[in-house]
There are 2 protein chains.
Amino acid sequence: MAETREPVRKRTNDPEGMRQRILDVAELAFQERGYHATSLGDLMQAAGVTGGALHHHFATKKALGMAVIAERVAASVEETWLRRIEEAPSARAGVAQVFAAVADELERQGFVRGCPLNNLAHELSLADDDFRMVLAGIFEAWRAAIADRMRLDQEAGTEEGVDPDRFAALTVATYSGAMSMAKTEQDAAMLKVCAEALAAGQGKR
Amino acid sequence: MAETREPVRKRTNDPEGMRQRILDVAELAFQERGYHATSLGDLMQAAGVTGGALHHHFATKKALGMAVIAERVAASVEETWLRRIEEAPSARAGVAQVFAAVADELERQGFVRGCPLNNLAHELSLADDDFRMVLAGIFEAWRAAIADRMRLDQEAGTEEGVDPDRFAALTVATYSGAMSMAKTEQDAAMLKVCAEALAAGQGKR
DNA sequence: CCAAAAACAGGTCAATCGTCCTGTTAATAA
DNA sequence: TTATTAACAGGACGATTGACCTGTTTTTGG
């Protein structure tokens, strides 16, 4: 019998899969612990990757942070907000639905991680101008999607006398602030209260 | 002529002044660079104090962080919000005035540092439960002050049909979120837009 | 099949971090 | 004055950080 001739695969190259696994753990860690509080060693251990692999895909920690923002945070806002707003029967209904859906999800999880965009925006927008500009772009796209949806409603004859941009700004601000309180208080209640107040206008019943 | 007999003061003890100087630089650094991104060495250099003095007044970095939150962040919210809301002719007028005053100040400075409370809340409330609870208490006091002022208005006969707690939550959320965008965009515009939207209700003109 | 490049392993490195320690000086109470 | 304590100086310490480097293996283009 001849000696085993199998090429004995010690490793399987999967660059895209490896990259995504790194982004997975980086996204979670940056959100839960913060960018500066997370070390590359933490990520290597959590993802089960070596320093060589990490450095191969992301030369610096900043490059990894930029990738998390551009690919994951932006996608998260798109999934949670942009898509649902587009598909909603109206801008106002879409906004109410997102607030309710997020609040429900948080209560099921029993843990409030906060808004992915705001979490990183607060920590990084003053630390680095590259971070700041990418984050600002996501905020802008978020508002634009809501304002565009409101303009559609207006073309259909409803919502007269409403400034779409103003409505969008108030919506994003209210959500961001409500989530900030929900995170600090570890309770989704503020999200619900603010959704009601926003729908009623000026806190009236 | 006898040799100089002055006690040659090499140092002047001023424990409270030293403590406040440390808090001064820590407050600024934690706001502009963040808690984790600021090293104690940074603070020692900026304040011109030695490690011994720093450690004497604040045994750990966390103790310093807690002091900044309890003494400086809380005071900042009190000064910017609680006092002005109490003195305002009405809750609604007070809210509008604070928004305008802050926006004006930011434009004069040409730089948006963000909301002191939200800045630290985002970075620290998931990192440490002690931090989180103190921060949550400040949010609560902030909302309570606005709600209390609104109740006063109602006792005077105005603002019927408004839920004070709901109004307070919406106000704090809107301000927090608007400031978050203003910080990320380094532009006070969102603060003004959101103030208008809040005053108009639901973004209507 | 073979060369070249990409993908990954595993470790080194200087720099920096927060903590804590031992002295020295200033304030205070007796 | 003297004794005691608080206030500060200045540095040591191990642990950790992000960057990077040299090999080895896998994949790919010709």
Side-chain angles (χ1 to χ4, degrees), chain A residues 4-27 29-30 33-69 120 123-124 127-128 130-131, chain B residues 4-27 29-30 33-69 120 123-124 127-128 130-131:
Chain A
T4 316
R5 271 302 193 170
E6 296 173 357
V8 186
R9 211 151 286 271
K10 299 183 179 177
R11 206 178 68 210
T12 314
N13 282 6
D14 178 18
E16 196 52 32
M18 172 78 79
R19 204 185 113 94
Q20 295 303 322
R21 267 176 49 215
I22 295 173
L23 284 176
D24 285 342
V25 300
E27 179 187 9
F30 289 170
R33 270 172 281 169
Y35 176 82
H36 287 107
T38 301
S39 75
L40 298 182
D42 292 341
L43 300 179
M44 285 164 54
Q45 188 171 10
V49 305
T50 64
L54 179 56
H55 185 262
H56 176 74
H57 290 282
F58 305 98
T60 63
K61 189 182 182 183
K62 175 175 172 177
L64 176 56
M66 288 289 275
V68 166
I69 294 173
L120 292 185
E123 187 181 359
L124 299 179
D128 187 294
D130 294 325
F131 280 139
Chain B
T4 316
R5 270 301 190 172
E6 295 173 359
V8 186
R9 211 153 287 270
K10 299 184 178 176
R11 206 178 69 210
T12 315
N13 283 2
D14 178 17
E16 195 50 35
M18 173 77 79
R19 204 185 114 94
Q20 294 303 321
R21 267 176 49 214
I22 296 172
L23 285 176
D24 284 343
V25 300
E27 179 187 9
F30 288 170
R33 272 172 278 169
Y35 176 82
H36 287 106
T38 301
S39 74
L40 297 184
D42 292 340
L43 299 180
M44 284 165 52
Q45 189 171 9
V49 304
T50 64
L54 180 56
H55 184 262
H56 176 74
H57 289 281
F58 305 99
T60 64
K61 189 182 182 183
K62 175 175 171 177
L64 176 56
M66 289 288 275
V68 167
I69 295 173
L120 292 185
E123 187 180 359
L124 299 178
D128 188 293
D130 294 325
F131 280 139

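Letters A, B, ... are given to chains in the order of the sequence lines, protein chains preceding strands, and every chain is numbered from 1.
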Check side-chain hydrogen bond (donor to acceptor under 3.5 Å, both in side chains) between [X] and all other residues, then give those that pass, not counting sequence neighbours.
X	result
His57(B)	none
Asn13(A)	Arg11(A)
His36(A)	Glu123(A)

Nearest whole Å is fine: how far is [N] [atom2] from [X] [atom1]?
X	N	atom1	atom2	value
Gln45(B)	dC17(C)	CD	C1'	15 Å
Met44(B)	dG18(C)	CE	P	10 Å
Asn13(B)	dA9(D)	CG	C1'	11 Å
Glu16(B)	dA7(D)	CD	P	10 Å
Phe58(B)	dC20(C)	CZ	P	16 Å

Phosphate-side-chain proximity, His56(B) and dC8(D), N/O vs OP1/OP2 below 4.0 Å:
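No.
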
Taking only side-chain N and O atoms of His57(A), does any of them lie within less than 4.0 angstrom of OP1 or OP2 on dC8(C)?
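True: His57(A) side-chain N/O within range (under 4.0 Å) of dC8(C) OP1/OP2.
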
Which salt bridge (Lys or Arg N to Asp or Glu O under 4.0 Å) pairs, counting each pair once, include a residue from residues 17-26 of chain A, with sequence neighbours left out?
Arg19(A)-Glu71(A), Asp24(A)-Arg72(A)

Can you pull the salt bridge (Lys or Arg N to Asp or Glu O under 4.0 Å) pairs that have at least one residue in residues 35-57 of chain B, sequence neighbours excluded?
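Residue pairs passing salt bridge (Lys or Arg N to Asp or Glu O under 4.0 Å), neighbours aside: Arg33(B)-Asp42(B).
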
Test side-chain contact (heavy atoms from CB on, under 4.5 Å) on Ile22(A) and Val49(A); report intermediate values, then the result.
CA-CA 8 Å; Ile22(A) 295 173; Val49(A) 305; 4.3 Å; yes

Nucleic acid contacts of residues 18-27 of chain A, taken as heavy-atom distances under 4.0 Å to DNA chain D:
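Heavy-atom contacts with DNA chain D come from no residue of residues 18-27 of chain A; none.
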
Using the side chain to side chain contact (heavy atoms under 4.5 Å, CB included) criterion, which residues pair with Thr60(B)? Sequence neighbours excluded.
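Listed in chain order: Lys62(B), Ala63(B).
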
Readout for nucleotides 10-24 of chain D: B = base within 4.0 Å of protein heavy atom, S = sugar-phosphate only, - = neither; 5' to 3' it is B------SSSB----

Do other residues, nucleotides or ligands put more than 12 heavy atoms under 6.0 Å from Gln20(B) CD?
yes

Considering non-hydrogen atoms only, spot the tightest contact between Leu43(A) and Ala29(A) and give its length.
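So the two residues come closest at CD2-CB, 3.7 Å.
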
Measure the CG-CD distance between Leu40(B) and Gln45(B) for me, rounded to the nearest 0.5 Å.
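Here the interatomic distance stands at 13.0 Å.
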
Please give the angle, rounded to 10 degrees, between the axes at the start and the end of the helix from dC1(C)-dG30(D) to dA30(C)-dT1(D), where five pairs define each axis.
20°

Sorted by chain and residue number, the ring-ring contact (aromatic ring centres under 6.0 Å, His included) partners of Tyr35(A) (sequence neighbours excluded) come out as Phe30(A), Phe131(A)

